[in-house]
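In each ligand, atom 1 is the first atom listed, and ligand 1 is the first ligand listed. The first residue of the sequence shown is numbered 1, and numbering continues consecutively from there.
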Amino acid sequence: MILCRKIDEVKNILKNLKKQCKSVGFVPTMGYIHEGHISLVKKALEENDVVIASIFVNPLQFGPNEDFAKYPRNEKRDLAILDSNNVDIVFLPENDEMYGNNFLTKIRVDKLSDVLCGKSRPGHFDGVCTVLSKLFHIIEPDRAYFGLKDYQQYIIVKKMVSDLNFNIKIVGLPIVRDDDGLAISSRNIYLSPENRKTALCLNKSFNIVENLLKNGILEPSIIKNKIKEYILGFKNTRVDYIEIVDTETLEPLNEFKENFLLALAVFIGNTRLIDNRIFSLKSYNC
Ligand code: PAF
């Protein structure tokens, strides 16, 4: 596995590979590599000649009171995991390398960035789009891989790529869960054993929705209230949002469409976790 810390270095390596007509799959990460990232790497390996992963904890996507400083980092462990999973190249730039030269540019996808996580984390998706635009320009991959746990991020990145004519296919892959159903996230490490158990309420609330749909309850507001009541029944929980939205526009739905996204952001203690599921009314004979 080749490790590059400099933009010119990684560009040169990729230029040579592209001359040889190699296809490039890209897995952007903020490190603290877990099974979710590895599922992206595996798909990228299946679909491309060369796989490159980036590790960069992007300061632009953290708000002033968020966890940038304490976001989990472990370079040695990450490199060992990526190497043992057959990643070809890792791009691991320092902050100065990415933003050092009086950086003034911001990329923003309107509307889609203002709802759900964008509402509670203003500027977050501008930071994500800005760093991804840079990474896409540096790496010029054929395909880039994203986990659908960050469903909103996936939709926003697809829109940015289409609006700005990046020649990149954005691939979204299913949420990877621990055996007990908790969606895997680098932030799960913050959870105490007790809060780790409580965190299962996010995933379990999807079962509540299934039961309500099976019983013909088709009112988004009733369903959201039932989930809220259920989650707040656990100690140490605080709901950031529970939303039922259109799967493409992310606009809130007052009436169900055939497919809808249920998206949750919940604080368990001080840790903010997100989860989501797409429901299809057809599967409940509605
Ligand atoms: O999903 C993430 O880990 C980050 O938002 C990403 C895509 C690596 C951009 O910093």
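A salt bridge does not link Lys159 with Asp110: none of the charged nitrogens is closer than 4.0 Å to a carboxylate oxygen. Ionic pairing of Lys11 and Glu140 is not present here: no N-O contact between side-chain nitrogen and carboxylate oxygen is shorter than 4.0 angstrom.
Distances below 4.0 Å separate heavy atoms of Val131 from the following atoms of ligand 1: 9 (C), 10 (O). The distance from ligand 1 to the heavy atoms of Gln153 drops below 4.0 Å at these ligand atoms: 1 (O), 2 (C), 4 (C), 5 (O), 7 (C). Using a 4.0 Å cut-off to heavy atoms of Thr29, the atoms of ligand 1 that qualify are 8 (C). Numbered from 1 in the order shown, with element, the atoms of ligand 1 that lie under 4.0 Å from a heavy atom of Gln61 read 4 (C), 5 (O), 9 (C), 10 (O).
The side-chain tip of Arg187 does not point at the ring of Tyr32 from less than 6.0 angstrom away and within 45° of straight on.
Ranking protein heavy atoms by distance to atom 3 (O) of ligand 1, first place goes to Met30 CG, 3.7 Å.
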*asked:* Could you walk me through whether Phe91 and Phe56 satisfy the ring-ring contact (aromatic ring centres under 6.0 Å, His included) test, starting with their C-alpha distance in whole Å, then the side-chain angles of each, then the deciding distance to 0.1 Å, before giving a yes or no?
replied: CA-CA 8 Å; Phe91 179 48; Phe56 180 61; 8.3 Å; no
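A 6.0 Å sphere centred on NZ of Lys18 holds more than 12 heavy atoms belonging to other residues, nucleotides or ligands.
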